Amino acid sequence: MSPYVRTVRTASGARAVQIVYSSRRGSRDIEHIGSAHDEAGLEVLRAVARQRLAAGQGELDLGLERTEVGQRSAGDPLPITSARMGHLWDALTHAYEVLGFARAAGGDDVFRQLVLARIIEPTSKLDSLRVLEETGVRAPSYATIKRRLPVFSQESWRQRLAAACATHAGLGPASLVLYDVSTLYFETDTGDGFREPGFSKERRLEPQITIGLLTDATGFPLMVNAFEGNKAETTTMLPTIRAFMAAHQLPDVTIVADAGMVSAANQKAIEEAGLSFILGARIPEVPYVVAAWREAHPDQDINDGQIFTQPWPAGPADRRRDHVIYYQYRADRARRTLRGIDEQVAKAEKAVAGKTTVKRNRFVQLSGGTRTVNRALEARARAVAGLKGYVTNLAACPDGTPVTAEFVIDAYHRLFQIEKSFRMSKHDLQARPIYHHQRESIEAHLTIVFAALAVSRWIEDRTGWSIKKFVRTTRRYRTIEIQFGTHTITAADPLPDDLRDALEAITRTTRRAH
């Protein structure tokens with residue numbers, strides 16, 4: 001019942017104002033009356049009336065009150081019942097499926113979780129369970145992971161992943177493939193036939209393994225192989241290439257590799273296998289075409305970017321195709337090379353004078369007990385400073401157009417992409433198998449890193465962000481569920497525009513069947 005005001009006369013005859021409101025108690029209506037004789041008292045009376053009428057109406061009963069000992073009271077913080085890195089996990093899962101890994105792995109959820117967890121935070125297999133739980137994903141047991149690792153190390157498992165990568169890359173006859181090797185060392189003193197001391201790019205003496213990585217022209221991984229740590233780098237390329245071609249029934253590919261990867265025997269084996277190649281060429285002395293140009297232009301410097309072409313046709317007894325060698329001069333390369341020569345010659349002169357000890361220095365010549373600076377070698381090194389050689393046996397480009405020097409040089413310079421992939425695998429994904437000792441476990445670990453590298457490169461290609469930036473930014477935005485009495489509320493921070501655009505670029509890609 002709404003309150004109402006009425007005016008009455010007191011016993012003395014004075015006027016008074018009464019505020020009347022009622023409540024119900026059982027079956028009786030009880031009238032409550034308050035009165036005031038002036039404006040101040042009237043206002044107090046009105047305030048009291050408002051409080052009594054609104055009593056209990058400012059609170060919403062959500063069942064927050066608890067009477068049991070130890071239960072939360074209405075003033076305690078609300079509990080978060082779950083938190084999930086939904087944007088990050090869903091984006092990585094989408095990339096994994098687009099690449100066809102879900103199908104290649106037969107829907108194996110443990111493999112998917114290990115691959116994506118390594119991208120989020122590379123750590124041990126045991127600690128990856130923590131990463132998954134923090135992500136909001138139900139993690140498998142450690143016993144399950146150990147039981148599945150032997151499966152992931154199988155050659156057939158890696159071949160299915162490599163086939164998915166090749167399909168995504170759209171490889172065809174004579175497609176460009178990049179090859180390079182690296183080493184991963186182990187913190188142990190003794191070798192076991194697989195982990196063995198050998199030439200280390202990091203100049204370490206511990207046992208190591210050699211990793212051969214094959215990528216497409218963009219650096220997207222196609223195949224990874226592990227070799228004994230004492231196996232020569234130059235002997236790893238051809239087995240990897242042959243295995244890849246056989247697995248994908250490719251009649252030919254165009255191998256792009258650095259000069260240090262190709263020995264004379266290795267190049268001969270590539271030729272005998274009938275493969276196309278673009279390789280870096282060593283320049284021990286001034287090439288004939290460069291010497292002829294300098295003789296014809298004695299007072300002229302070579303222009304920056306100038307290219308010299310030297311055909312190298314096959315002889316009647318040669319079992320190879322015709323070759324062409326391109327030499328390119330770069331002024332900046334010459335500046336850096338000459339500065340290095342100056343520094344090494346200065347050290348050689350100090351060593352010859354007895355001012356410093358003799359260390360590895362190619363310009364120090366030892367003859368009997370005499371030390372001299374090898375001036376002839378210095379002159380040859382200065383004469384070829386700034387020149388870089390590229391040799392190819394391509395008769396035509398993969399698209400059928402004639403081969404040009406620009407195509408060959410550009411293809412060779414794409415090797416920086418495979419170097420980037422190696423950096424990502426070694427640093428962002430921490431590929432070094434610190435916690436593994438048996439070859440089976442090491443192979444399984446490298447398979448997981450290979451798949452994580454493919455997902456990472458795909459994410460980078462789609463977003464334009466580094467994988468490190470993408471993970472660091474996206475993992476901050478979680479979806480949380482809050483228990484509010486008997487109700488569950490879902491909450492999330494709004495996404496910034498740049499992250500929203502990156503996620504849309506990922507999800508716009510059609511999923512593969514899986």
Side-chain angles (χ1 to χ4, degrees), residues 174-181 213-219 233-234 237-238 241 252-294 302-314 318 320-338 340 380-422:
S175 294
L176 291 177
V177 294
L178 314 180
Y179 184 79
D180 202 357
V181 300
L213 179 64
L214 189 70
T215 76
D216 71 358
T218 68
E233 294 180 356
T234 55
M237 180 167 62
L238 201 56
I241 299 293
D252 188 16
V253 293
T254 301
I255 304 168
V256 183
D258 185 66
M261 283 300 307
V262 185
S263 63
N266 207 12
Q267 182 171 332
K268 182 179 180 181
I270 294 172
E271 294 271 15
E272 291 176 350
L275 300 177
S276 303
F277 60 78
I278 295 174
L279 307 173
R282 295 182 177 86
I283 309 179
E285 56 187 18
V286 180
Y288 169 79
V289 288
V290 178
W293 185 91
R294 285 175 172 169
I302 301 176
N303 295 325
D304 184 27
Q306 186 168 341
I307 298 173
F308 303 89
T309 302
Q310 181 171 316
W312 186 12
D318 289 337
R320 65 172 178 86
R321 309 179 200 171
D322 292 342
H323 292 182
V324 177
I325 307 176
Y326 300 100
Y327 299 99
Q328 185 186 48
Y329 176 82
R330 284 292 187 187
D332 187 60
R333 185 190 297 127
R335 178 185 57 79
R336 295 195 307 270
T337 302
L338 291 173
R380 289 199 299 271
R382 292 185 183 278
V384 298
L387 290 172
K388 177 72 176 178
Y390 313 88
V391 58
T392 183
N393 65 350
L394 276 176
C397 295
D399 61 0
T401 59
V403 176
T404 63
E406 290 74 18
F407 170 81
V408 171
I409 294 172
D410 177 70
Y412 182 85
H413 287 173
R414 289 178 178 269
L415 285 173
F416 84 91
Q417 292 284 4
I418 197 170
E419 293 171 359
K420 178 182 177 181
S421 290
F422 263 130

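Note that the coordinates shown come from a computational prediction; the quantities given were computed from them, not determined experimentally.
Here the straight-line distance linking atom CZ of Arg330 with atom CG of Asn303 works out to 11.5 Å at 0.5 Å rounding. Phe308 contributes atom CZ, which lies 14.5 Å from atom OH of Tyr326 (distance to the nearest 0.5 angstrom). From Gln417, atom CD reaches atom OG1 of Thr218 across 6.5 Å, with rounding to the nearest 0.5 Å. If you take CD1 on Ile255 and CD1 on Ile241, they are separated by 4.5 Å, rounding to the nearest 0.5 Å. Atom OH of residue Tyr179 and atom CG of residue Asp258 lie 13.0 Å apart, to the nearest 0.5 angstrom. The distance from the CD1 atom of Ile283 to the CZ atom of Arg380 is 14.0 Å, given to the nearest 0.5 Å.
Partners of Ala385 under the side chain to side chain contact (heavy atoms under 4.5 Å, CB included) rule, at least two apart in sequence or in another chain, are Thr337, Leu338. Residues forming a ring pair (Phe, Tyr, Trp, His ring centres under 6.0 Å) with Tyr412 (at least two apart in sequence, or on another chain): Tyr390.
The nearest pair of heavy atoms linking Leu415 to Val256 is CD2-O, 3.6 Å. The minimum heavy-atom distance linking Gln328 with Arg333 is given by the pair O-NH1, 3.2 Å. When all heavy atoms of Phe422 and Leu213 are compared, the pair lying nearest together is CZ-CB, 3.5 Å. Between Val286 and Ala383 the shortest heavy-atom distance is CG2-CB, 3.5 Å. Closest approach of Ala217 to Leu178, counting heavy atoms only: O-CD1, 4.1 Å.
Counting only distance, with no hydrogens or angles, the side chain of Arg414 and the backbone of Val177 share no donor-acceptor pair below 3.5 Å. With hydrogens and angles disregarded, a donor-acceptor distance shorter than 3.5 Å links the side chain of Asp322 to the backbone of Ala314. Between the Arg320 side chain and the Pro313 main chain, a donor and an acceptor come within less than 3.5 Å of each other. Ser421 places a side-chain N or O within donor-acceptor distance of the main-chain N or O of Gly219, the cut-off being under 3.5 Å.
The shortest side-chain heavy-atom distance between Leu394 and Val324 does not fall under the 4.5 Å cut-off. The side-chain heavy atoms of Leu214 and Asp180, taken from C-beta on, include no pair separated by under 4.5 Å. Here the side chains of Lys388 and Tyr327 are not in contact, with every heavy-atom distance at 4.5 Å or above.
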Exercise. Would you sort out whether Leu238 and Leu275 count as a side-chain contact (heavy atoms from CB on, under 4.5 Å), showing the intermediate values?
Key: CA-CA 10 Å; Leu238 201 56; Leu275 300 177; 4.0 Å; yes
Self-check item: Val289 vs Thr309, side-chain contact (heavy atoms from CB on, under 4.5 Å): CA-CA, chis, key distance, verdict
Solution: CA-CA 7 Å; Val289 288; Thr309 302; over 6 Å; no
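For the side-chain contact (heavy atoms from CB on, under 4.5 Å) criterion with Leu176, the lone passing option out of Ile278, Asp216, Val253 is Ile278.
Judged purely by distance below 3.5 Å, without hydrogens or angles, the side chains of Ser276 and Arg321 pair a donor atom with an acceptor atom.
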Scan the side chains in residues 401-409 for donor-acceptor partners under 3.5 Å anywhere in the protein, sequence neighbours excluded, and list what turns up.
{"from": "Thr401", "atom 1": "OG1", "to": "Asp399", "atom 2": "OD1", "distance (Å)": "2.6"}
{"from": "Thr404", "atom 1": "OG1", "to": "Phe407", "atom 2": "N", "distance (Å)": "3.1"}

